[in-house]
Structure formats: C-alpha cells, structure tokens
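A quick write-up on the structure given underneath.
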Amino acid sequence: MLYVIDYGSGNLRSVQKAFERVGVHAEVGSDPRRMSDAKGLVLPGVGAFGAAMADLERRGLVEPIVERIAAGVPFLGVCLGLQLLFERSEESPGVAGLGIIRGDVRRLPDTVKVPHIGWNQADILRDCDLFDGIPDSSAFYFVHSYVVVPTRPADVLTTTEYGVTFVSGVSFENVAAFQFHPEKSSILGLRVYENFARRVYEGWEPAGAVEGDDA
Amino acid sequence: MHLKRIIPCLDVDKGRVVKGTNFVDIRDAGDPVELASRYDLEGADELVFLDITASHEKRDTIVELARHCAEELFIPFTIGGGIRTEDDVRALLNAGADKVSLNSAALNDPGVLAVCARRYGSQCIVVAIDAKQVSADPPRWEAFLNGGRVSTGRDAVAWAREAVAQGAGEILLTSMDRDGTKDGYDIPLTRAVVQAVNVPVIASGGAGTLDHLVEVVRDAGADAVLAASIFHYHEYTIREAKEHMAAAGIPVRI
C-alpha cells in the first residue's frame, strides 16, 4: 500500500487523487503502524516549516519517517515535504528538520517576486526513473517562498531558474523530493506519480489514463 | 525559466457552464469539470471559474463546484464571483480551490484581504479589479462594482496598490472598456498596474486575436492572459495560442 502522510497540512486529497488517476490506491493517514506496512511513503505539504515539524512531532511521526527511510522504503516528498527532509530552515530558526538530506532551506532573494508562483522549468541533471517519459526542461507548477540548499552536489536532481538557480528536485538513495507540485502540473506531473508507483510496485503498469485521452 | 500563463475563464451559473460550451465532441457541454479537463488536456496553465449564480443557494453551489473540480483537475484553478467573507474563502479552499478571487467585497472592505492573506497565505488570494477609463489625458481608470455598473470613484491603479499592500497575491485586471470587444487588451491600463505592484497581473478583457495575447505580455508586462470567447468558440486552441506566443519569443509551457 502507498501511504500519504497526514500531519494536518492541506493538499493531501490532491496528491491522493493524482495516484488514483494513474490507477494506484493511496491511503491518507497518520498511523505509524500503517506506515510500517506501506510499500511507499509520500510526504506532501503546504505551510510553514516550524509548524509542520511541530505537527509531525505531536503525532509521533518523526521517528517512524526516519526509520522507514533508513529501511529503504521508497519515499517521495512534495513542496514543504521536500524542505522538511533538510536539517533546518530560515523560515523557522532553531527548529530541527528531519535531517535526511544534508543542507538547509533559505528564503528566495528579495530581487525576485516572492512567493514564486506559476509554471517553471525543471532542468534534469541526471538519470532518474521518476522522470521516465518526461523531457528535460519540462514545466511544473510551483508555489513557494523558500528553497533547499543541499550540501552534497550529488543529491541534486533538478534545478530551476527564477532570478537565481535553485534546486527544485533532490534524489538520495530511496528518497526523492520536489519543490514543485506534480499533482498540479497536468499530464507530466501525473507521470511523476506514475513513475513513483512503478518504483514502489516493481512490474506495475499504469491503466493508461495518463497517456492523454481523458474521455 | 518562469513561464507566462494562458488562463481560460468559464462562467458558471448554478453549477453549469453558461459560456464556453461550444466544444463539438463533448458529452455534457455544461459540465464545468468536463470542460475544464478538456482545457487541461489542451494545455491551459490554470483555469478561472466565475460564478454568476444569483440566488440564495449560491454559496453551496460554488463550494460544490470547487469540490467537483478538485476531484478531476490536475492544474491550479481559481474561483471567483460574489465571494464575500473569510468563511466563503475558507469553504472554497477547503473544498480544493487553489485560489479564491475577491472583487466587490474587497472594495467594500479591503481588510478582508488582509484577514484572508494572513490566514491562508497571499498565494491563494486574488483580487479582481474591473477598471473603466474615466479620463484620457492624463489617462485615468476607476474601479467599478457589480460587473462594471457601479462606479466607486476609486483610482484603479491606487486600488491595485492598496489591495497588494493588504495581502492580495495576484491581480486579475479586467478592462470594462475592452471586455467583449475583441479589440485587444487595454495596454496602458495593464502597464500602469504592472508597474504599480510587485505581484503577478493577469490581463483580461478584449482578447480577439493571438497577437493581442502577445502584445499585453510583451508591451504591458502581464504575467498571464485570461480569455474566454476566443477559446470557448474554438477560434483558436490553447496550443495555437501558445505556439504563437512562443514564436514571438514569449516563454510558455508547450
């Protein structure tokens, strides 16, 4: 089962229905026991870094997340779910993140319109199964004010230009995470979820709904 | 690279699309979700639903519309039309709308923008401004209420600036002079607002040709173009519009 981690943030239903659209059931919840049964985990999220970490703590989800990732379970972070994987964020000084990926989260510079809202391109720096069928420099939908700054260059999967070049996707062993919202990025975004489902369930093939004909 | 957006606008009455129903091969042309999905497939970057229902069930019908759309759409969508209170905004966001657009209610009480932006973030609060030119030299526009019927006497550019200061994260700017004319967007109006604020401006009103889309982005600095009839009546597809903009050097998602 695919499990979408609920820690009180919005946006969960849209992630769940994106999986439904590609033909995979995803359960939404905050039960650590269900998490340990899951074959794949998704951490979505909108909102503030500190409040999200506090919600994860309160629901007792921090340790299970760290433990499941260490156990090698495929893990997908989206938007704030990307940022939470890092060690800390300028948004919430003094709050420790999950610390799965080394580095921190910083505010976009004042020289650009913040938040960064709209469609922007992801330049894919290396091969990744989550981008199967997705051309380099494809556009995805972004809504955010902060960006991740990984310490290790090897963790960077995609970058995006917005006044500055920022890291819009990371990949580290069984963990991948994106600053953009695949569930709001039309057909190519759905393909990211489809590819993640394929990573979780080896040999799984989609029903074909993502290929274009919606009728 | 940050991309310019094309946004079809659908008018909805009691949960049914009343403009934009001219797709030839669609099962239920009045179903907002079916039309919206079609626009998604054609390459629309976002959608705006303008609720024009005039009845006491209005609130329920637009919340239902948002829920229905959120189930089926995989691009962002905005709901506007008669949204008055923070409760309305919360109900629509909870139902799955990505953004909510306020017009008359914000003019009557700009504080509602501040309350909503503080609670839900500026990124989901759009202010819709219906502007009409009231003097040619120097050029001046005023914000109008009730679909352009009632003047507020407020300078539209000053109102845009105040709305952003209150917390609006985006401006949907409609020229009442150009709306429905197909003579092109109001370039001086759009430019004046773009220069006055540091949030994205969606140009609306007057699109008749694909060159009009290019002009308002290139010459006025609009971040997005909203259009209804040129897409609804299949004069152009979204893809044709995007290819035309790309050929003119405007970065778009194709």
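To find a chain, count down the sequence lines: A is the first, B the second, and so on, and within it residues start at 1.
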Practice item. Determine whether the aromatic ring centres of A/Phe142 and A/Phe180 lie less than 6.0 Å apart. Key: yes
Exercise for review: Determine, for A/Glu20 against A/Arg13, whether the closest basic-nitrogen to carboxylate-oxygen distance falls under 4.0 angstrom.
Suggested key: yes
Exercise for review: Using heavy atoms and a sub-4.5 Å threshold, report which of residues 156-164 of chain A line up against chain B, by residue number.
Suggested key: A/Glu161, A/Tyr162
Review point. Between B/Ala70, B/Ala224, B/Gly96, which has the largest tally of heavy atom pairs under 4.5 Å with chain A?
Key: B/Ala70
Review point. What part of B/Glu71 gets closer than 4.5 Å to chain A, counting heavy atoms only: side chain, backbone, both or neither?
Key: both
Check your understanding: For B/Arg119, does the CZ atom have more than 12 heavy-atom neighbours from other residues, nucleotides or ligands under 6.0 Å away?
Key -> no
Review point. Counting heavy atoms not belonging to B/Asp87, are there more than 12 under 6.0 Å from its CG?
Key: yes
Practice item. Show your reasoning for whether ring-ring contact (aromatic ring centres under 6.0 Å, His included) applies to A/Phe166 and A/His144. Key: CA-CA 12 Å; A/Phe166 70 88; A/His144 64 117; 5.2 Å; yes
Practice item. Step by step, work out the side-chain contact (heavy atoms from CB on, under 4.5 Å) result for A/Val148 and A/Val105. Key: CA-CA 4 Å; A/Val148 298; A/Val105 184; 4.1 Å; yes
Check your understanding: Is it the backbone or the side chain of B/Ile254 that comes under 4.5 Å from a heavy atom of chain A, or both, or neither?
Key -> neither
Check your understanding: How far apart are the C-alpha atoms of A/Phe86 and A/Phe49, what are their side-chain angles, what is the distance that settles it, and do they pass the ring-ring contact (aromatic ring centres under 6.0 Å, His included) test?
Key -> CA-CA 10 Å; A/Phe86 284 72; A/Phe49 187 91; 9.2 Å; no
Review point. Does the distance from a Lys or Arg side-chain N to an Asp or Glu carboxylate O, for B/Asp45 and B/Arg253, drop under 4.0 Å?
Key: yes
Check your understanding: Between A/His116 and chain B, which part of the residue has a heavy atom less than 4.5 Å away: side chain, backbone, both or neither?
Key -> side chain
Review point. Does the B/Thr237 side chain pair with the main chain of B/Glu240, one donor and one acceptor, at a distance under 3.5 Å?
Key: yes
Check your understanding: When only heavy atoms count and the cut-off is under 4.5 Å, which of residues 194-202 of chain B reach chain A?
Key -> B/Asn198, B/Val199, B/Pro200
Point to revise | Part of B/Asp98 lying under 4.5 Å from any heavy atom of chain A | key: side chain
Exercise for review: Identify whether the distance between the nearest side-chain nitrogen and carboxylate oxygen of A/Arg198 and A/Glu194 falls below 4.0 Å.
Suggested key: yes
Point to revise | Donor-acceptor under 3.5 Å (A/Asp155 side chain, A/Val170 main chain) | key: no
Exercise for review: Rounded to the nearest 0.5 Å, what's the gap from CG on B/Leu73 to CD on A/Glu183? Could you check?
Suggested key: 13.0 Å
